[in-house]
Structure formats: C-alpha cells, structure tokens
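Just below is one structure, and these are the notes that go with it.
The figures that follow rest on heavy atoms only: side chains count, while hydrogens, waters and symmetry mates do not.
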Amino acid sequence: MNDIEIPQGKRTKFYRFFEILPAFLSYSALLLMVILSIISPFWASVYLLTIVVTLLIKSIGIAYRTFGGYMKMKSAMKVDWSRRLYELSNPQEYKAGNKKDFHYHEHEKNIKLALDGKITINAGSIFNAIIIAAYNEPYEVIKPTIESILKTTFSKEKTFIVLAYEERGGEDIEKTAIRLQKEFKNKFYNFEIVKHPKSIPNEVVGKGGNITYAGKFLAEYCKNNNIKYSDVIVTTLDSDNKPDKNYFDVVTYEYIVRNDRKHFSYQPISLFLNNIWDVPAPMRVVATGNSFWNIVVSMRPHLIRNFASHSQSLDALVEMNFWSTRTIVEDGHQFWRSYFHFNGKYSVVPIMIPIYQDAVLSETLIKTLKAQFIQLRRWMYGASDVPYVAKNIFTKNRKVPFWDSLFKFIRLLEGHVSMVYQAPITAFGGWIPLLINASASRSLISHQLPNIISIIQQIATVGLFVAILISLKMLPPKPARYKKHRTLFMVLQWGLMPVTAICYGSASAFYSQTRLALGKYLDKFDVTQKGTVEDIAKAKEERKNKKMKLK
C-alpha cells in the first residue's frame, strides 16, 4: 500500500523547501513589482500589464463558463433522474424522451450498454450512506439538513444516515444527536449516531478525524450486515448542507455506468445560498463568488478537485483508510490522497446538481467579518498540499505518471500563488512606479499606466454584469421579513468585490502560506458559525436561558 499520509513532527529539508515555496513565490511576485519600479519603470509596466491582461483573459473565461455551467445545472435539475435510474436497471422499458434534455444522448448510449449486459451492477442494490459531520451546531441547523435528505427522490429504504458528532462539542450536541435519531430513525434504512472521541493520537482537531471515525463505524456495520462495500456510495455533508432532490439519484446513476467505480469520486456544485438574504453584503459577495467558482470548475473536469461535500465508494474509502486525520482541509486533500493511492488512476466526476450550503453568519457584524476570514484561511491552507504532492512525484519511488502529475502540481502551485498577488497588484500596481521612482513620470507607458489599467478593468466589468445577472437568478425566494429594496442591495453589493478580493481572498491566502512557511501549522479546524438570523437569535436566546437556569 502506498504511503499517502501527511508527515507529522519534524519535516525533511526537502518537504520544508516545498512548504516554503508558495509563500516565497507569492512574496516575490509582490516584491518584484516594487523592485522593477525602482530599476526600470518600463519593465515594471510590462510586468503589470502581463498580470492584468492575463487576469482579463481569465475573467472572460470565467464569465463564459459561469454562464454555461449555470445553464447546464438548470438543465440537469429538470431531468427525471429517478426515471433514468429505473430505466438503467430495466433497459427494456426505456422510452425515448426529449433529445434536448441534459445528457440525453449519453443516456441512450448507457441504455444500449445495459441491454448488452455491459453495466455490471443494478441500481436496486446500491445504498447511499450520508455522513453528516457536526461539532456543536444547534438542532435548528441540523434538522433542515436531514429533512432535505428526506425530500430527495432516492429510495429512503436504501438511504443510511450517520450523524457524526464530536465529543469535544459538549453535552448539547449529544442531546441534539439523540433527539434527531429518535425523530428520524424510522424514516430511513437506518439512522445511527457516532460520537468521535477527543484526543485520539495523531489527529489534528478537524473534520477529517470525525468523518473517518464515522466511516469506520459504517464499514463495520456493512460487514456485519453482509452489505458489500462496493454497493455503498458515501457522501459527506456538513451540518448545514441541503442536497438538491435529485442528487443521490444522479450520483447513483453516474456510479453504476462506470465499471471502474473505485477510481472515481463525485463532486456536486456547492452553492452558498441557504441564508444568502440574511448575511451582510461582504459575505454575500464572498459566498456568491465561491458559488460561481464551483460552477466554473464543474465545466473543467481536468481541474476539478474534491471540495466540501462529495461522494466516494465505500470500498475505495476502506482501502485507503478513509480521509486524512492530519489536515484541516481534508476535502481538497482527498483528491491527492486518492490520486496517489490509486497510482494516478483517479478522477473526479462533476455532478451538475447543487448541494446548498450556508454563507458565514454570526451574532454581530464584527464577529461575522472575523468568522469569514477564519473560514477562508482554512480553505487557503490547501497550500499545504504543495509539499505533499511534491513528495509523491519528485521521487524515485513515484507511482503516478510523471507529466500528468507535474502539470497537476504546477496548477496547484500557481493557483495558490496567484491568489495572493493578483488582486493587490491589479488594484494598486498602476501607481507604484509613479510613487517610488521619479523618472517614471517621464516614461509614457508608466505615466499612462493607471489609465490603461482602468480601461482594462472597465472591459472586465462585462464579466461582472454576467455575474450579477446569474446571482439574481440563483437567489432563493426572499424571506417575508425583508422588503423589496433588499433586492437592490443584492446588486449594489458587487461594488465591494475589489475590497473582498484583497481583504479576504488575497489576505487569507497570504496568512495561510506565511504560517506554512514558518512551520506554524494550522492544526485546528475552527468551526464557522452559520444559519439564518432566526437561527442565530434562537441559539442566542437558548444560551441566555441556560445561563439564567445555572444562576
């Protein structure tokens, strides 16, 4: 078995080099603008224009794929996936439908494969096991997640819920887990609650340890009840996640049409829209931007990675010992863990169906702003995968294809580095030569640089208009507690995008990479408070009442 674990304790010099590399390149990209401005304003201008034009091209591509991905998602959500799944298991009962439907022709091909006996598994034998990870979230947050699963079209007689909660979450989460089990146990094939003990050796304080502990419980249960691991698809959900009604049917469909099922995982589109009407404007911009990015990567299968909620076969998870318990970014790391375990024979299948999540919301604006940064710095700590990937490809014992893994490594590194420097250089780079080098005012290109950058940014607003249009179409119904002018704010909020890009995107990446470079590792998963304003108010009132009783 391949060694796919993240090292603990003192790292080798080789490993430390690649831990430092992302921050080194990010700092260098920023400092280079200053150094070139001192030495040669002309080359500083060329450097800046190269970055800005590259970003413009990326923005056009993102706008195009956002629109295309949104249309595909809407089309996929209209399909009767339950019917398609039935036809796949009973191909002789297939009835031709509308050829314009999402993946219609692919479905026809799969029906022919089923008729020829080339699909080796029946949909009726598949279980969907959902591991819901919880820490200290209140009943009001977790219950809607379970209710959303109950509303999905996949058979509940083949749906297994495992509510995985943390011992360190305290007595309240345990009471909530027991309450939810009593309420929903008879509505699914099974509903189990699993308490993850605190202080397990060699584990960081994070979600990975919790869901791995629950996954091992699930595997033992299946073994004792003669359920084949290969017949179980495991989906991990956070406590605020709400899958679209079609999600488990789509995952099951995509699972059974692939004979090499163990070498795939399945990635839905994460949309942070559950409470989007309630959160402050900066959080709405960040949440919507993250939703768009998830739509974009779904259109580029070669770039897609595991993120937040995803699905994978139980036999694959058992073979690779589930998720990493040594990182706080177990979701993105799962891609690399699987990729190296299966010697490069691993892919992520985009599922063009959403799972809805909460945007960040705390009790006060200040707490919410802080919580958003904490969430993003955890996501940006995915830079810790750079040394992990390097360790597995720049070695004589490499077991993955060199060129494929090298290109993946370059994309990983470039993605984290560009997250740091692009926004601040684009925003302020045009003024740097003029401010720090007097001769720059005599250079035509340097003197006109702010104007040139401004024109390019105006061209890029075309993509912004696309984003605004799609964001309005994706909005859930407006709660009755808000008046019509709230919709206007949903448009005006986009004026904050440059601010959020620097203060959240760039700064959080900068923070995480610096910590990694200094060896001050992030080893604790800081749970982000979420929910609606009503949930927050109710939880606050319950805490107040609890304190009064204690007095």
Side-chain angles (χ1 to χ4, degrees), residues 1-31 198-212 305-306 320-344 346 374 376-402 404-421 507-526:
M1 181 176 175
N2 295 346
D3 179 13
I4 57 171
E5 296 299 334
I6 296 173
Q8 285 189 312
K10 188 176 181 179
R11 271 63 160 168
T12 64
K13 291 181 179 179
F14 175 90
Y15 204 90
R16 282 293 295 145
F17 171 81
F18 284 100
E19 284 185 335
I20 295 169
L21 185 61
F24 173 79
L25 294 176
S26 297
Y27 278 83
S28 298
L30 292 169
L31 289 173
K198 59 184 178 182
S199 303
I200 293 180
N202 300 319
E203 283 191 3
V204 301
V205 179
K207 178 183 169 185
N210 188 10
I211 58 178
T212 291
R305 302 289 181 262
N306 299 119
M320 58 193 292
N321 200 23
F322 300 91
W323 298 269
S324 174
T325 62
R326 298 182 182 180
T327 178
I328 62 171
V329 283
E330 87 300 324
D331 49 356
H333 183 71
Q334 185 69 0
F335 172 86
W336 300 109
R337 186 177 172 86
S338 303
Y339 180 75
F340 291 117
H341 174 78
F342 292 116
N343 299 329
Y346 171 76
I374 290 173
L376 290 176
R377 79 178 183 188
R378 183 179 75 241
W379 291 359
M380 297 304 172
Y381 197 66
S384 59
D385 282 331
V386 170
Y388 175 84
V389 176
K391 176 181 77 77
N392 283 281
I393 64 174
F394 301 125
T395 172
K396 293 180 181 179
N397 298 321
R398 184 185 65 254
K399 296 181 180 180
V400 295
F402 177 71
D404 178 66
S405 59
L406 178 62
F407 290 143
K408 282 181 167 60
F409 173 79
I410 292 171
R411 290 191 188 103
L412 172 68
L413 181 60
E414 188 277 332
H416 284 286
V417 172
S418 63
M419 182 60 70
V420 171
Y421 74 80
S508 61
F510 187 82
Y511 176 91
S512 294
Q513 290 177 28
T514 302
R515 288 283 299 256
L516 183 65
L518 295 174
K520 296 183 179 295
Y521 306 114
L522 291 174
D523 57 2
K524 181 181 179 183
F525 187 109
D526 294 300

Legend entry - Any side-chain heavy-atom pair of F525 and N210 under 4.5 Å: no
Legend entry - Close side-chain approach of V386 to F409, heavy-atom, < 4.5 Å: yes
Legend entry - side-chain hydrogen bond (donor to acceptor under 3.5 Å, both in side chains) involving Y339 - partner list, sequence neighbours excluded: D404
Legend entry - Pairs flagged by side chain to side chain donor-acceptor pair (under 3.5 Å) wherever residues 389-398 is involved - sequence neighbours left out: none
Inset, instruction - Just jot down the side-chain contact (heavy atoms from CB on, under 4.5 Å) partners of M419, sequence neighbours excluded, or say none. - result: M380, A509
Inset, instruction - Give a yes or no on whether the ring-centroid distance for F394 and F14 is below 6.0 angstrom. - result: no
Inset, instruction - Applying side-chain hydrogen bond (donor to acceptor under 3.5 Å, both in side chains), name anything that partners S338, two or more places apart in sequence or on another chain. - result: Q312
Inset, instruction - Write out all pairs satisfying side chain to side chain donor-acceptor pair (under 3.5 Å) with one or both partners inside residues 13-30, taking only residues at least two apart or from two chains. - result: R11-E19, R16-E19, E19-Y521, S26-Q513, Y27-T514
Inset, instruction - List for me each residue that meets salt bridge (charged side-chain N to carboxylate O under 4.0 Å, His left out) alongside R377, sequence neighbours excluded, and say none if there are none. - result: D526
Legend entry - Contacts of A517 that satisfy side-chain contact (heavy atoms from CB on, under 4.5 Å) - sequence neighbours left out: I20, A23
Inset, instruction - Sequence neighbours left out, what passes ring pair (Phe, Tyr, Trp, His ring centres under 6.0 Å) with Y346? Give chain and number order. - result: F335
Inset, instruction - Please identify each residue that fulfils side-chain contact (heavy atoms from CB on, under 4.5 Å) with K520, with sequence neighbours left out. - result: R515, L518
Name each donor-acceptor pair under 3.5 Å that joins a side chain in residues 323-330 to protein atoms two or more places apart or in another chain, with its distance.
from	atom 1	to	atom 2	distance (Å)
S324	OG	R326	N	3.1
R326	NH1	I6	O	2.5
T327	OG1	V329	N	3.1

Legend entry - Set of side-chain hydrogen bond (donor to acceptor under 3.5 Å, both in side chains) partners for D385, sequence neighbours left out: H333
Legend entry - From L412 atom CG to E414 atom CD, the distance as rounded to the nearest 0.5 Å: 10.0 Å
Inset, instruction - Calculate, to the nearest 0.5 Å, the distance between atoms CZ and CD belonging to R305 and Q334 respectively. - result: 13.5 Å
Inset, instruction - Output the distance between atom CD (E203) and atom CD (Q8), rounded to the nearest 0.5 Å. - result: 9.5 Å
Inset, instruction - Measure the OH-CG distance between Y421 and L25 for me, rounded to the nearest 0.5 Å. - result: 9.5 Å
Legend entry - Straight-line distance of Y381 OH to Y511 OH, nearest 0.5 Å: 10.5 Å
Inset, instruction - To the nearest 0.5 angstrom, please state how far the OH atom of Y388 sits from the CD1 atom of I4. - result: 5.5 Å
